[in-house]
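Notes for the one structure printed next.
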Protein chains: 4
Amino acid sequence: MSRRTGDDSTTSAVEERAARRRDDRRAQIIRAAKQVFAEQGYTNASISQIIANAGIARGTFYLYFDSKRTVFDSILGEVVEGLTARISVIALDDTTLSPRGQVARNLQRVLAFLLEDRALSQLLLNPGLTPDAESAQQLDAFYERITLMLTASLDHGIRMGLVRSCDTALVAAALLGAIRGVTRQLLRNDETPHIEAVVDELLAFGWRGVVVEEAWD
Amino acid sequence: MSRRTGDDSTTSAVEERAARRRDDRRAQIIRAAKQVFAEQGYTNASISQIIANAGIARGTFYLYFDSKRTVFDSILGEVVEGLTARISVIALDDTTLSPRGQVARNLQRVLAFLLEDRALSQLLLNPGLTPDAESAQQLDAFYERITLMLTASLDHGIRMGLVRSCDTALVAAALLGAIRGVTRQLLRNDETPHIEAVVDELLAFGWRGVVVEEAWD
Amino acid sequence: MSRRTGDDSTTSAVEERAARRRDDRRAQIIRAAKQVFAEQGYTNASISQIIANAGIARGTFYLYFDSKRTVFDSILGEVVEGLTARISVIALDDTTLSPRGQVARNLQRVLAFLLEDRALSQLLLNPGLTPDAESAQQLDAFYERITLMLTASLDHGIRMGLVRSCDTALVAAALLGAIRGVTRQLLRNDETPHIEAVVDELLAFGWRGVVVEEAWD
Amino acid sequence: MSRRTGDDSTTSAVEERAARRRDDRRAQIIRAAKQVFAEQGYTNASISQIIANAGIARGTFYLYFDSKRTVFDSILGEVVEGLTARISVIALDDTTLSPRGQVARNLQRVLAFLLEDRALSQLLLNPGLTPDAESAQQLDAFYERITLMLTASLDHGIRMGLVRSCDTALVAAALLGAIRGVTRQLLRNDETPHIEAVVDELLAFGWRGVVVEEAWD
DNA sequence: AATGAATGAGGGTTCATTCAT
DNA sequence: CATGAATGAACCCTCATTCAT
């Protein structure tokens with residue numbers, strides 16, 4: 001069905017522009033939807049609000065997304081993916097950056113990502129804004145993954161004599177909770193904070209809580 | 001909406017029985033609604049589900065509550081009130097129980113309360129399950145109150161030389177987050193945990209993170 | 001959920017009246033829907049038209065039927081069932097009524113049934129008014145059944161020496177078509193016809209065809 | 001909408017080619033639409049299906065037809081016209097072909113036309129596949145015309161002593177119905193039948209009915 | 001006090017039609 | 001000529017709320 005009459009074999013300029021416009025529209029809708037979902041939650045949000053927010057007609061929405069649910073899943077996928085991409089596993093044998101430095105870098109990237117798109121963060125922090133139990137589980141699964149990573153790190157740290165002996169699963173939950181709590185706090189205030197300072201403070205809090213003192217710094 | 005508090009002496013036995021029946025019904029509906037709200041969130045929950053769960057007729061529901069919203073607010077009020085009642089301000093001059101002991105007692109009471117009614121806890125932990133932004137703010141306000149209490153305590157601790165110097169607002173947010181994180185974890189597992197052990201672990205985590213080491217037991 | 005307090009074990013008068021009212025409503029909706037479907041066809045018909053025709057509110061419709069489709073199926077089932085019940089197999093050994101008489105009786109009952117509810121008949125005569133191919137096949141299956149019955153009768157008649165040798169399947173289709181054609185004609189005219197006369201004429205046509213024997217080849 | 005009929009001499013070759021291309025496109029769309037309408041009925045059919053079937057873009061459709069309705073009317077007109085052209089009035093004074101032969105020839109032409117384009121025939125046989133009551137009446141009017149022709153022929157035949165005395169309107173309806181019934185049957189089966197044999201059988205049925213004369217009353 | 005049939009505003013979605021490119 | 005993105009009216013259905021019994 002695509003035409004191309006006397007053109008060279010690569011994508012023509014016209015097609016390129018069309019593709020860009022299409023992506024723009026999609027992004028525009030996602031932006032609008034994200035905001036509405038973050039404010040109202042999935043169920044309460046209405047297509048009417050989304051399209052009003054995006055400044056498009058009812059039918060246009062369905063040109064870019066199959067359903068209300070589809071946009072939401074797109075958004076949720078985006079945030080989970082975005083975060084996952086910003087977290088790298090701590091390497092204890094890294095000679096260029098200390099474990100604590102690596103954690104700091106992870107935190108910095110994550111916080112920067114979250115503060116950049118507050119609506120997205122609201123969705124991430126509130127599993128209840130989600131369409132249904134199934135969707136909430138997608139988020140839960142993400143958090144579970146993080147918690148397991150943290151638990152494993154703590155376990156490893158204990159074996160290395162760097163971390164004091166403790167119920168690592170519980171402490172991991174507490175650590176993740178602390179990060180979420182601080183993030184929530186940051187989002188509440190409108191001014192963008194000095195991320196490095198926040199990370200330092202957060203690390204100081206976490207470190208002094210879990211470490212065996214003699215073994216560190 | 002509940003009658004009789006001052007209870008003038010003319011109340012007959014008949015009236016008393018009627019009032020008790022009324023309160024029972026109310027409680028029955030609240031119980032049913034709480035469960036449905038916790039599972040589905042406010043918007044997704046339907047009156048149909050609530051009355052089916054309560055085993056009453058549609059009209060009966062509206063005999064006891066003005067609207068769907070009203071039940072929810074009742075429930076939310078109940079949980080906030082219940083928690084507030086279980087938290088007492090730390091008294092540094094208390095000679096019978098150390099500050100740490102007082103915090104432990106608070107935590108124990110709060111966790112016991114939450115684990116006792118899991119549906120309630122879900123609502124508390126997920127502001128997104130709430131009817132709207134306004135209602136979510138009621139919860140936020142509660143958390144804000146707790147955070148301010150914690151901040152004040154930390155500030156006081158710093159002045160007394162018990163707590164290391166830090167961004168107390170941020171650390172307070174982290175502490176509250178840690179508690180929420182652990183609670184969430186506890187609710188996920190079905191088995192009821194040994195609360196004292198959890199509190200010990202949580203305290204150890206928080207303490208070692210915020211204290212000036214030399215100054216404490 | 002059903003109550004009954006101090007009542008006898010059988011259905012109470014109240015319940016009976018409620019059941020009757022319920023059936024009345026259902027019938028009222030079916031009546032309205034039948035008319036709309038007959039005039040517009042399934043797809044073109046709208047719930048708005050049906051409820052306007054029935055004089056009820058939107059929600060009320062869904063109190064009695066799960067969906068637009070459900071009403072339609074109810075109606076289609078009713079007509080197929082009604083017709084099937086009015087057709088009895090011809091018994092050649094019946095001593096009280098000749099085969100031709102039996103056919104006449106069948107035709108009379110069928111025509112009377114159809115003329116009694118013209119909307120129903122429209123649906124029966126026009127498979128195209130149906131929701132989809134699947135639903136149309138339900139009708140087709142009915143006609144197929146009738147055609148097979150006719151074919152079998154003709155085959156039997158040939159073996160008995162009563163019917164001239166012919167392509168019975170084709171003649172059966174012609175016979176059924178003739179009946180449908182006449183019915184269509186009757187429905188077009190508003191006045192209710194003298195059914196017996198119609199049946200006589202139809203039978204004469206089927207039996208003997210149209211010619212005056214002596215005058216032809 | 002189609003240009004050039006009187007065809008003034010100034011038409012250039014270029015214009016001619018353009019006109020032909022235009023007609024081709026039109027035919028292509030009609031072909032696609034016919035199929036979709038026959039399968040789904042007017043209302044169920046969507047422009048999307050038609051253009052997908054025709055392999056053209058959305059806008060192109062509206063370059064050739066004003067609306068969905070317009071294509072349908074074109075198609076309906078085509079079939080009615082095609083049939084009308086294939087039916088010639090019976091001439092009793094024709095010395096080269098007997099009346100029965102003339103009827104046979106009519107039937108052959110009609111059946112051949114219908115079997116040639118099954119989609120068209122579906123539309124013809126199912127007034128319910130039509131946009132609305134108004135459109136259905138166009139079809140009805142066609143059938144009415146045929147019925148009147150048949151009635152007139154029968155009346156004439158009676159006056160000539162060739163046809164037995166009967167309710168000619170009713171018998172005409174039966175005859176037309178028989179033809180439609182047989183056609184429907186032929187369309188159901190996929191294999192193309194031997195038309196002459198069918199016509200013979202159909203004529204025999206109409207002429208003589210189904211009985212073996214000696215065996216009855 | 002209790003019931004449940006009835007209501008109608010509002011939800012998500014589809015689709016014939018238009019128009020800038 | 002041809003395209004396909006954009007439009008918005010209209011569709012089917014849900015559900016909080018009311019009210020006669």
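Reminder, nothing fancy here: chain letters follow the sequence lines and each chain counts from 1.
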Quiz item: Is DNA chain F part of any stem, that is, at least 3 consecutive Watson-Crick or G-U pairs with both distances under 3.5 Å, and where?
Solution: E:2-21 with F:2-21

What integer distance in Å separates [X]:[atom1] from [N]:[atom2]?
| X | N | atom1 | atom2 | result |
| --- | --- | --- | --- | --- |
| B/Ile51 | F/dT17 | CD1 | P | 13 Å |
| D/Asp24 | F/dA2 | CG | C1' | 16 Å |
| C/Ile50 | F/dC11 | CD1 | P | 11 Å |
| B/Arg20 | E/dA1 | CZ | P | 17 Å |
| B/Arg21 | E/dA1 | CZ | P | 10 Å |
| A/Phe72 | E/dG11 | CZ | P | 18 Å |
| B/Arg69 | F/dT17 | CZ | C1' | 16 Å |
| A/Gln49 | E/dT13 | CD | C1' | 17 Å |

Practice problem: Output, in order, the C-alpha distance, side-chain angles, deciding distance and verdict of side-chain contact (heavy atoms from CB on, under 4.5 Å) for B/Ser135 and B/Arg69. | Solution: CA-CA 10 Å; B/Ser135 212; B/Arg69 179 60 188 264; 3.8 Å; yes

Quiz item: Does D/Arg25 place a side-chain N or O at less than 4.0 Å from the phosphate oxygens OP1/OP2 of F/dA2?
Solution: yes

Quiz prompt | Any donor-acceptor N or O pair under 3.5 Å, side chains D/Arg25, D/Gln28 | solution = yes

If we only count heavy atoms from C-beta on, is the [X] to [Y] side-chain gap below 4.5 Å?
| X | Y | answer |
| --- | --- | --- |
| C/Ser48 | C/Arg58 | yes |
| B/Gln49 | B/Glu39 | no |
| A/Tyr64 | A/Ile30 | no |
| B/Ser46 | B/Lys68 | no |
| C/Tyr42 | C/Leu123 | no |

Self-check item: Exceeds 12 heavy-atom contacts within 6.0 angstrom, atom CG of D/Asp24
Solution: yes

Quiz item: Take atom CZ in A/Arg21; do more than 12 heavy atoms of anything else shown fall under 6.0 Å from it?
Solution: no

Self-check item: DNA chain E: 5'-proximal contact among A/Ser46 and C/Gly55 (nearest heavy atom)
Solution: C/Gly55

Practice problem: Please figure out whether A/Ala45 or D/Thr43 has its closest DNA chain E nucleotide nearer the 5' end. | Solution: A/Ala45

Quiz item: For DNA chain F, whose closest nucleotide is more 5', that of C/Ser48 or that of D/Ala18?
Solution: D/Ala18

Self-check item: Those residues of residues 58-68 of chain C lying under 4.0 Å from DNA chain E by at least one heavy atom
Solution: C/Arg58, C/Gly59, C/Thr60, C/Leu63, C/Tyr64

